[in-house]
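Every number for a ligand or one of its atoms is a count from 1 in the order of the listing.
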Amino acid sequence: MSLDGLYREIILDHYQNPRNRGVLEDADAASHGHNPLCGDEVDVFLKLRGSQIDAIGFTSRGCSISQATASMMTESVKGHTVQDAEAMVAAFKAMMLEGGTLDGRPEMADLEALQGVKQYPVRIKCALLPWNTLQDALDTYQARSGSA
Ligand code: FES
């Protein structure tokens, strides 16, 4: 299979079988994000133990790219620290916006499948929506816990 084909398979798999989809009722932090261009929405829920992300959930109403990205994102950051998650947000944005790579970040391997989306500038916002929403939830948590 070509690399493009493999990437398409990964995106389709996360879209059809989303990981960590659902509301976390007892979330320590949550955020709602939306893409003003299309009206699509994502909610991210975090359950933390100290600085570690114990559980993460998401709900979304949106396109396949935003939903698949949210699924991959939750798999990447679950079990990691808030600081690690913020570094992942930065690495993902650098890949989508500045030609960066995810080399050396095996926990983000599936997200490399979104490289192809960079050819379609309007879809970059679809891939960034869950990550911006996660960053917002992390900011909320840190502001509340006084560690910002
Ligand atoms: Fe709306 Fe992708 S078209 S987030």
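- Of the N and O atoms on the side chains of Q83 and Q142, not one donor lies less than 3.5 Å from an acceptor on the other residue.
- Contact of the F58 side chain with the S71 side chain is registered, since non-hydrogen atoms from C-beta on lie closer than 4.5 Å.
- Residue Q115 forms a side-chain hydrogen bond (donor to acceptor under 3.5 Å, both in side chains) with just one option from K118, E112, Q119, and that option is K118.
- Between R19 and D13 there is a salt bridge, since at least one side-chain N of the basic residue sits less than 4.0 Å from a carboxylate O of the acidic one.
- Counting only heavy atoms from C-beta outward, the side chains of K78 and D54 never approach each other to under 4.5 Å.
- Using a 4.5 Å heavy-atom threshold, the side chains of I56 and K47 count as separate.
- Residue-and-atom listing of protein N/O/S atoms under 2.8 Å from atom 2 (Fe) of ligand 1, sorted by chain and number: C63 SG, C126 SG.
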